[in-house]
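Note sheet for the following structure.
Sequential numbering from 1 along the given sequence is applied to the chain's residues. Order of listing sets the numbers, starting from 1, for every ligand and every atom in it.
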Amino acid sequence: MPTISEILMTMDYGPAPEDASIAHDWLARHGARFGHFIAGTLTSPHTTFATINPATSVELAQVSAGSAADVDAAVEAARAAQPKWAALSGHQRARHLYALARHVQQHARLLSVLETLDNGKPIRESRDIDIPLVIRHFYHHAGWAEVLADEFPAATPLGVCAQVIPWNFPLLMLAWKVAPALAAGNTVVLKPAEYTPLTALAFAQIAHEAGLPEGVLNIVTGDGETGALLTGHAGVDKVAFTGSTEVGRLIRKQIAGSGKALTLELGGKSPFIVFADADLDAAVEGVVDAIWFNGGQVCCAGSRLLVAEAVAPRFTALLKARLGKLVTGDPLDKSVDLGAIVHPVQLERITSLVDQGVAEGAVLTQGAAPEGCFFAPTLAENVDPASILATTEIFGPVATLTTFRTPADALVLANATNYGLAASIWSENISLALDMAAKVKAGVVWINATNLFDAAAGFGGMRESGFGREGGREGMVAYLAMPSPKAGKAETPPAACDPLPGDTAPGAKGGIDRTAKLYIAGKQTRPDSGYSYAVQGPKGAIGLAPLGNRKDIRNAVEAAHKAFGWGKATGHNRAQVLYYFAENLEARAEEFVARLTAMGLGKSARSEVDTAVQRAFWYAAQADKFDGHVHSTQANHVTLAMHEPMGVIAISCPDRSPLLGFVSLVLPAIATGNAVVVTPSQSHPLIACDLVQVMETSDIPAGVINIVTGPRDDLARVLADHDDVAAQWYFGTAQSCADVEARSAGNLKQTWVEVAGLRDFSSSAGYGKGFLHRATQVKNIWVPYGI
Ligand code: NAI
């Protein structure tokens, strides 16, 4: 007879399974066969494929593979519904979003169970995290619809949004995408992931029941092929995608030049940094939430543990003890920590990556997992920072552990990835934690916490983790159009830059006989090619401009990178420099009018110079005012939404309005702390060379503005291919707009391309906060507050 203490010591978890009948009944009511949800009705099923319960391998339902005709019908329905939806008052749209929130709340149990069946995630997570956050998103965005006209006075909806989502948080990703889109007055066609389509279909039905007008939300199921039909559809105005970086690149290329807006929320390999003074017990619990939450199938999972050498043995011992207690098993069991992996294909991917890691020398500590589509929680040590396990997004419950000595080492390791989605920092030293938060390349940073989400905070990445934010004020911006350019006439492309050897004067008759230089790293330099091109005035050549090439661009980008101190300067410092620039430009206004007149631009010269001066003062004023927000998110936290510069922005100026085009694009970029590489107007480059003199007398630090004259479109292509350029603004031909977007897929730089001539830079469309938004990315830093 065992003693009581022996019984207590040997007690195991008793199973506490959730009753799944609510979801099985729902499936049965639909005959376990589904069509799409188009124009307010479920269509008849066709060409179906199975969606399975990964925990049991049992088929749950047959779902239709969306064809081109289905996608056409859905986009048409969304298009037809959009004007009416956008014409509703914000208040009326808010009421619909409130209704969605309430109805989801009423069906919370069905949705939680269905999500767990289809995805394999523990019921504890779908019930306590996913579905409550879905509800929160609809409530929060109902609020945005209500106040939209006041908060974003000039903004308009984008139109029809194509949204493609992954399988790791099926309904939550739907909410992240649908709620802001609808709040802003857009209509939606959404494609859920092929492994997890069921909660999207249930949601569509709930939306119908809640009275959402037909066509406002459409769901088309299918795999990547259906996804590509949707994202590439000509009737779509905006594409929002969450998924792998690989598919993000494909979509970037697919829609290049189409004029569609794009936001991409892609992969990550996020650092989880434990400093020596961290609360180690809390940090261990943090790891559980960082990498074993949702089986590590989380884009922002803290998958790289970076631990201070001094505490690494203790931390590792605590972590291994905790790992050994995690329970992996039936996701419907309320006491389970890790459920099933979403699909055998994903299990195979995880297994193969881990096998490769072991072959490279990784030493594993693993918990227990049942047979089937499960993977045990895993800690991999002896992992080189360059090895496969430390660099590849595994999307499974696998953490690597690496030690560091100093905070500087930790930062190098943290940023040694092409991704930049999230970071988690553990330290009781607030100065150290916030210093690190400022320096780590990540769109979201959690201090002494991890994987916190809220509808009021923006979420999204930097670098190859994509661009755009979801949630909060910044998430709304992603579904609204900037004041649209006045529909001017597209510019005639500039004449080719015929190379002239050396810097021979062209023998201008009565013109300004000048030979300009490039401006790189604060110095006027000759072009690498040794060639120049003749710049034409009304009566023939008026000077020579250097013919910049690939090498000059490389030098300019390097110089821009070295000017990183500009991004760290205070807004006040930048404002002072820009005021100085504005004053110097104003003082030389007559000279600039004369220059423009000599170039044959006399008619608009005066107003162009006056407006350029106004812009310079305006951006000087904004330099210390375009700051971020403090989001009100979860209890005991504040979320600082910081506007950070992109880094190096490449700018190709329009040909017309050579002074105003240059100033209107360069100033917002540098006011927010970026360094720029600019190709000025190809036909009238000399005005930029004149501006160099103003810059040199205005204390603009070397490397902040670099100017490479020459063939705009060739140089833009070089810039688009350059991996050290974070963002690119191109104003030129339609063909090169497409080229720049397609080539930007390499490092997934953010692009802003427009056919030159359409935007009237002399009007209100030529400046404003929209430009400042383009020049910055928001980093959301979650800080403990008032605990
Ligand atoms: P995926 O990126 O292929 O799928 C995501 C969504 O995109 C799905 O709805 C899919 O049908 C759709 N899709 C696929 N190809 C498309 C195309 N050419 N055009 C338009 N839509 C397309 O991700 P997958 O294959 O499910 O997972 C592969 C790996 O991607 C995972 O192992 C993981 O590493 C990563 N991943 C990352 C996610 C994230 O949130 N960062 C989410 C899902 C996967």
Review point. Is it true that a side-chain atom of R127 and a backbone atom of L111 form a donor plus acceptor pair closer than 3.5 Å?
Key: no
Check your understanding: Is atom NE2 of H208 surrounded by more than 12 heavy atoms (other residues, nucleotides or ligands) closer than 6.0 Å?
Key -> no
Check your understanding: Considering only heavy atoms of E393, which atoms of ligand 1 have at least one such atom less than 4.0 Å away?
Key -> 33 (C), 34 (O), 35 (C), 37 (C), 41 (N)
Check your understanding: Parallel under 30°, tilted from 30 to 60°, perpendicular over 60°: which one fits the rings of W167 and Y195?
Key -> tilted
Review point. What atoms in ligand 1 come closer than 4.0 Å to a heavy atom of K191?
Key: 9 (O), 10 (C), 11 (O)
Check your understanding: Where does the angle between the aromatic ring planes of H141 and H137 fall among parallel (under 30°), tilted (30 to 60°) and perpendicular (over 60°)?
Key -> parallel
Point to revise | Subset of ligand 1 atoms that lie under 4.0 Å from at least one heavy atom of L266 | key: 41 (N)
Practice item. Sort out for me which residue in D454, T633, N780 forms a side chain to side chain donor-acceptor pair (under 3.5 Å) with T639. Key: T633
Check your understanding: To which protein heavy atom is atom 24 (P) of ligand 1 closest, and what is the distance rounded to 0.1 Å?
Key -> W167 NE1, 3.7 Å
**Study point:** With sequence neighbours excluded, residues passing ring-ring contact (aromatic ring centres under 6.0 Å, His included) with F37
**Key:** none
Exercise for review: Please report which non-hydrogen protein atom sits nearest to atom 3 (O) of ligand 1, along with the residue it belongs to and the distance in Å to one decimal place.
Suggested key: V247 CG2, 3.4 Å
Practice item. Would you kindly specify which portion of T226 sits under 4.0 Å from ligand 1, judged on non-hydrogen atoms: side chain, backbone, both or neither? Key: neither
Practice item. Answer with side chain, backbone, both or neither: which part of Y195 has a heavy atom less than 4.0 angstrom from an atom of ligand 1? Key: neither
Practice item. Between E246 and ligand 1, find which residue part has any heavy-atom pair under 4.0 Å and reply side chain, backbone, both or neither. Key: neither
Exercise for review: Would you confirm whether any non-hydrogen atom of the protein falls under 4.0 Å from atom 28 (C) of ligand 1?
Suggested key: no
Practice item. Taking the six-membered ring for Trp and the full ring for Phe, Tyr or His, determine whether the centres of F34 and F49 are under 6.0 Å apart. Key: no
**Study point:** Sub-4.0 Å heavy-atom approach of F241 to ligand 1
**Key:** yes
Check your understanding: Backbone or side chain, does any N or O of E265 fall under 3.5 Å from an N or O of ligand 1?
Key -> no
Check your understanding: Can you list the ligand 1 atoms lying under 4.0 Å from a non-hydrogen atom of V164?
Key -> 6 (C), 7 (O), 9 (O), 12 (C), 21 (N)
Check your understanding: So which of P166, A162, G461 gets nearest to atom 42 (C) of ligand 1, if we judge by its closest heavy atom?
Key -> P166
Point to revise | Full working for side chain to side chain contact (heavy atoms under 4.5 Å, CB included) between R304 and T402 | key: CA-CA 8 Å; R304 287 186 297 141; T402 310; over 6 Å; no
Point to revise | Heavy atom of protein closer than 4.0 angstrom to atom 40 (O) of ligand 1 | key: yes
Point to revise | Ring centres under 6.0 angstrom apart (H46, H36) | key: yes
Practice item. For ligand 1, note which part of E194 has a heavy atom under 4.0 Å away: side chain, backbone, both or neither. Key: side chain
Check your understanding: How far is atom 38 (C) of ligand 1 from its nearest protein heavy atom, and which residue and atom name does that atom have?
Key -> F395 CZ, 3.3 Å
Exercise for review: Considering heavy atoms of the protein only, find what lies nearest to atom 8 (C) of ligand 1 and give residue, atom and distance to 0.1 Å.
Suggested key: I165 O, 3.5 Å
Exercise for review: Mark yes when over 12 heavy atoms from residues, nucleotides or ligands other than E360 sit less than 6.0 Å from its CD; otherwise mark no.
Suggested key: yes
**Study point:** Side-chain ion pair, D237 and R79, N-O less than 4.0 Å
**Key:** yes
Point to revise | Nearest-option assignment for atom 1 (P) of ligand 1, heavy atoms, candidates A301, P197, G396, S244 | key: S244
Review point. In the protein, which heavy atom is nearest to atom 32 (O) of ligand 1, and how far is it?
Key: R349 NE, 2.7 Å
**Study point:** Under-4.0 Å heavy-atom contact with ligand 1, by part of Q254 that carries it
**Key:** neither
**Study point:** E393 bridged to K269 by N-O distance under 4.0 Å
**Key:** no
Practice item. I would like to know whether W176 and F169 meet ring pair (Phe, Tyr, Trp, His ring centres under 6.0 Å); could you show each step before the answer? Key: CA-CA 10 Å; W176 280 26; F169 294 91; 7.9 Å; no
Study note, to complete from the structure: Atoms of ligand 1 under 4.0 Å from any heavy atom of G227, numbered from 1 in the order shown, are 19 (N), 20 (C), 21 (N)
Revision key, fill the gap. Any heavy atom of T245 under 4.0 Å from ligand 1? The part involved is neither
Practice item. Can you sort out which atoms of ligand 1 are near G267, meaning under 4.0 Å from one of its heavy atoms? Key: 41 (N)
Check your understanding: Taking all atoms of both residues into account, what is the closest heavy-atom pair of A301 and I291, and its distance?
Key -> CB-CD1, 4.0 Å
**Study point:** Proximal candidate to atom 17 (C) of ligand 1 [heavy atom criterion; set G224, G222, C300, A193]
**Key:** G224
